[in-house]
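What follows is a set of notes on a single structure, which appears directly below.
Quick note on labels: first sequence line is chain A, next is B, and so on, each numbered from 1. These numbers come from the heavy atoms of this one structure, side chains and all, not from hydrogens, waters or symmetry mates.
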Amino acid sequence: MSRRYITTAIDYPNAPPHMGHAMEKVLADVCARWFRLSGHDVRFQTGTDEHGIKIQRKAEEEGMTPQALVDRNVPLFQSLYSRLHISYDVFVRTTDREKHWPTVQALWKKLQEAGALEKRTYVGLYCAGCERFLTKRDLADGTCPIHHTAPEEVSEENWFFRMKEKADYLKTLLVAKDGYVITPDSRAHETLSLLEQGLEDVSFSRPQSSLSWGIPVPGDENQVMYVWCDALTNYISGLGYFTDHEDKSYWEDAEVTHVIGKDIARFHALIWPAMLHYAGIKTPNRLLIHGFLTSEGEKMSKSLGNVVVPDDVIAKYGVDPLRFYLSHEIPVGNDGDFSWKRFGELYDAKLRNQLGNLLNRVLVMLQKLGGDLSDIQNSAGLKSIVASGWSMYAAHMDAFQITDALATDVMSCVSAGNQSFNDKAPWTEKDDEKRRVILAEYVELLRHIALMLLPFMPETAQKISRQLNVPYAERMLEKDFTIDTVHEWGSLKDWKKVGIPEILFAPVE
RNA sequence: CGCGGGGUGGAGCAGCCCGGUAGCUCGCGAGGCUCAUAACCUCGAGGUCGGGGGUUCAAAUCCCUCCCCCGCAACCA
């Protein structure tokens, strides 16, 4: 058994969560559940990034303190994730002064000791209307595109992170692909290309006067940390680094995977390893980078009015169909689309007609014969379908190709089941005992399908297993449940009888 | 020359790195079955793989070039 530590990005709670948030968490959860199921000792962490100017401003607009704003919004994320059955172990809030701040401030000091930080004067183009610095790229004809005024040159003191120093180190790290992997490859290439273009040192703090909602820089009370040292550090503050409850085992002795979106890929790929290297901490093992969701083919935006709220989908179809859609439709690394039409098609074709119907047709017939399961055979050749299904499935899951695992490997077991069932045509068999023995094979097939579905649709996996009356059904969602002893054909000797068939996925609309 | 992604049957995608009968899902049409959630199974129609040029016995796949689309990133302007 090896240790695995998997994290998501921490969300910015200046507004309620949307489908993009759900997608990332489901992806990470599918991975975490697969890790556990295949016998690893897993720690899964998520959280919220609660500081920064946007929160500060949003709070002002709403006439409340920033703390009150995040205290109001963070539970929206937590409650969504609990409804989505995101099986995280730790939830880090960057405003947590007990658990998060001490690590961040300690890391800051380490960086300082290592010579990574240097105070400089930053000169930038400041737009008074926006109350922020603009880059040349933001400008339209030399003026702010929003306020149409020329920004003024303003200088302020910042602590800078000496990123340039680590360019060679990072290049070596990326090229070696040894212990530090960026998935998918295209993102690794992009990162290298960024490196080739040359790195700039990064502003790590702002004066209190321009950013007050953040963690104070230790030993320099007029400075507040900018996002990087604050937010990225959540990955180790959740492990209590540099405190008296430090647990390095899930970092030093674990395979560390950060699941993040493409928007923050470059920061995770460059700044974070550089920080860790300065501080003498090992780099994470893998960045798993996902794309973005569009809605009905267009960019999700408030002004277009096409922002999809996970709750609407959950209310209509339920949690597992949503998890299924996200895992089935959007290959890791690609952008994906959320389409109600496509959702409905998938729900009907895959979940109701193929999966639900297979379960039902088998179970109803067997139940009429008393449901006895003794003597599970392999006359329909299902054993080899299951065996090769498991092997492809495991390979895909281990390679984070979860779309292939679900859409190809699991669904082809389902489809092979329906196919074989038609060929065998047990309803034409007049001898009850012979018919029962045939049916028992399909029940065993379904047991395996449910196991394979577990990372994707935990609740459904359990429902199927309950209908099948599998002995482990009640404990299969526990974190120490593994497939180790149960993924072999006919391995369940104490399984005697099936349960009551029920409709798994009801028609919607 | 900013960077990146993409253009494959009606729709959505895979295949491209490592050239060799163009594949999957949905949808559509015909037939079969009737155990089952009008579900299941089989067969079929439909593509000169964005255009042009090159390399090669052979190109969706490699090289050059042109055209077109989408982002530069998540609710915030």
Side-chain angles (χ1 to χ4, degrees), chain A residues 9 11-12 14-21 23-24 52-55 57-58 61 127 129-132 134 136-138 144-147 184-187 189-191 193-194 196-197 261-266 291-295 297-309 328-331 333-337 339 341-369 401 403-404 407-408 411-412 414-415 417-429 435 438-439 442 501-507:
Chain A
D11 299 315
Y12 202 63
N14 59 340
H18 52 70
M19 196 56 85
H21 294 112
M23 176 174 85
E24 176 178 288
I53 198 79
K54 281 188 189 172
I55 297 269
R57 273 215 211 104
K58 181 82 176 174
E61 276 168 32
C127 172
C130 298
E131 293 183 62
R132 71 180 185 103
L134 303 177
K136 282 175 192 152
R137 250 172 48 189
D138 292 329
C144 165
I146 298 154
H147 299 92
D185 289 344
S186 58
R187 292 290 163 203
H189 296 150
E190 188 182 4
T191 308
S193 136
L194 280 170
E196 297 298 337
Q197 289 168 49
K262 61 180 178 176
D263 54 327
I264 51 175
R266 62 179 65 180
F292 282 141
L293 269 185
T294 53
S295 168
E298 296 194 81
K299 186 185 168 177
M300 257 192 233
S301 87
K302 230 176 192 175
S303 44
L304 284 172
N306 65 348
V307 175
V308 185
V309 183
H328 187 282
E329 285 300 286
I330 303 154
N334 292 16
D335 284 348
D337 185 44
S339 148
K341 179 170 177 282
R342 180 67 183 154
F343 199 107
E345 282 174 2
L346 217 55
Y347 182 80
D348 285 336
K350 302 286 175 178
L351 295 181
R352 289 195 331 111
N353 301 348
Q354 285 181 243
L355 175 63
N357 186 52
L358 177 63
L359 175 69
N360 208 236
R361 68 199 300 210
V362 171
L363 222 44
V364 166
M365 206 185 299
L366 185 55
Q367 196 48 255
K368 285 177 187 164
L369 295 171
Q401 291 162 350
T403 299
D404 296 293
T408 305
M411 288 317 291
S412 68
V414 174
S415 162
N418 275 314
Q419 233 169 76
S420 156
F421 201 77
N422 276 42
D423 292 346
K424 274 271 171 183
W427 55 90
T428 60
E429 174 57 62
R435 187 160 14 125
I438 292 174
L439 290 169
Y442 292 90
E502 279 169 49
I503 297 298
L504 203 55
F505 295 104

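Side-chain N or O atoms of A:Asn418 include one that pairs as donor or acceptor with a backbone N or O of A:Gln354 at under 3.5 Å. Side-chain N or O atoms of A:Thr428 include one that pairs as donor or acceptor with a backbone N or O of A:Ala425 at under 3.5 Å. Side-chain atoms of A:Tyr442 never come within 3.5 Å of backbone atoms of A:Leu358 as a donor-acceptor pair (strictly under, hydrogens ignored). At distances below 3.5 Å, at least one donor-acceptor pair connects side-chain atoms of A:Thr294 with backbone N or O atoms of A:Gly336. Checking side-chain atoms of A:Thr403 against main-chain N and O of A:Ile330 turns up a donor-acceptor pair under 3.5 Å. With hydrogens and angles disregarded, no donor-acceptor distance shorter than 3.5 Å links the side chain of A:Ser415 to the backbone of A:Met411. Although no hydrogens or angles enter the test, the distance criterion places no donor-acceptor pair under 3.5 Å between the side chain of A:Arg352 and the main chain of A:Tyr347.
Across B:C40, B:A77, B:G4, the shortest atom-to-atom separation from the side chain of A:Glu61 is found for B:A77. Each of B:U37, B:G4, B:C35 was ranked by its minimum atom distance to the side chain of A:Arg187; first place goes to B:G4. For A:Arg352, taking side-chain heavy atoms from C-beta onward, the closest of the listed nucleotides B:C26, B:U37, B:C40 is B:U37. For A:Ile503, the side-chain atoms get nearest to B:U37 when compared with the rest of B:A39, B:C26, B:U37. Considering only side-chain atoms of A:Asn360, the nucleotide from B:U37, B:C40, B:C35 that sits closest is B:U37. Nearest to the side-chain atoms of A:Phe421 among the listed nucleotides B:C76, B:A39, B:C35 stands B:C35. Of the candidates B:C35, B:A39, B:C41, B:A39 carries the atom nearest the A:Asn353 side chain, counting heavy atoms from C-beta on. Residue A:Asn418 places its side chain closer to B:C40 than to any other of B:U37, B:C40, B:C76.
For A:Trp427 and B:C35, the CH2 to P distance is 8 Å, given to the nearest whole Å. In this entry the distance linking CD of A:Glu345 with P of B:A39 reads 13 Å, nearest Å. B:C33 atom P lies 14 Å from atom CZ of A:Arg361, rounded to whole Å. The distance between atom CG of A:Leu346 and atom P of B:C13, rounded to the nearest whole Å, is 14 Å. Taking atom CG of residue A:Leu359 and atom C1' of nucleotide B:A39, one finds them 13 Å apart after rounding to whole Å. The distance between atom CE of A:Met411 and atom P of B:A14, rounded to the nearest whole Å, is 19 Å. Here the P atom of nucleotide B:C35 and the CG atom of A:Asp423 are 17 Å apart, to the nearest Å. A:Arg342 has its CZ atom 14 Å from the P atom of B:A11, to the nearest Å.
Of the C1' atoms belonging to B:C40 and B:C33, the separation is 8 Å, rounded to the nearest Å. A distance of about 23 Å separates the C1' atoms of B:A14 and B:A58, rounded to the whole Å. Atom name C1', nucleotides B:G12 and B:G51: the rounded distance is 24 Å, in whole Å. Rounded to the nearest Å, the gap between the C1' atom of B:U56 and that of B:C62 is 10 Å. As rounded to the nearest Å, B:C13 and B:G52 have C1' atoms that lie 27 Å from one another. Here the separation of B:U37 from B:A77, taken at their C1' atoms, is 49 Å to the nearest Å. B:C16 and B:G7 are spaced 13 Å apart, taking the P atom of each and rounding to whole Å. Rounded to a whole angstrom, the distance from the P atom of B:A36 to that of B:G27 is 23 Å.
With hydrogens and angles ignored, no donor-acceptor pair closer than 3.5 Å exists between the side chain of A:Asn422 and the base of B:C33.
Heavy atoms of A:Asn14 sit under 4.0 angstrom from primed sugar atoms or phosphate atoms, though from no base atom. Nucleic acid contact class of A:Gln354 (heavy atoms, under 4.0 Å, all strands): sugar-phosphate only. Using a 4.0 Å heavy-atom criterion, one finds that A:Leu504 contacts the bases of the nucleic acid, with or without backbone contacts as well. Residue contacts shown for A:Lys341 are absent, as no nucleic acid heavy atom lies under 4.0 Å away. Residue contacts shown for A:His328 are absent, as no nucleic acid heavy atom lies under 4.0 Å away. Among the atoms of the strands shown, base atoms are found under 4.0 Å from some heavy atom of A:Leu293.
Along RNA chain B, the nucleotide nearest to A:Phe505 and the one nearest to A:Met23 differ in position, and the one closer to the 5' end is contacted by A:Phe505. The residue among A:Gly20 and A:Lys368 whose nearest nucleotide of RNA chain B is located toward the 5' end is A:Lys368.
One finds a side-chain N or O of A:Gln419 lying less than 4.0 angstrom from the OP1 or OP2 phosphate oxygen of B:U42. In terms of phosphate contacts, A:Lys424 brings no side-chain nitrogen or oxygen within less than 4.0 Å of OP1 or OP2 of B:C35.
B:A30 is paired with B:U42 under the Watson-Crick or G-U wobble criterion, all donor-acceptor distances under 3.5 Å. Applying the Watson-Crick and G-U wobble criteria (two distances, each under 3.5 Å), B:G4 pairs with B:C70. B:U48 makes up no base pair with any nucleotide shown, lacking Watson-Crick or G-U wobble contacts both under 3.5 Å.
Contact check on A:Glu345 versus A:Lys341 returns a salt bridge, with a Lys/Arg side-chain nitrogen under 4.0 Å from an Asp/Glu carboxylate oxygen.
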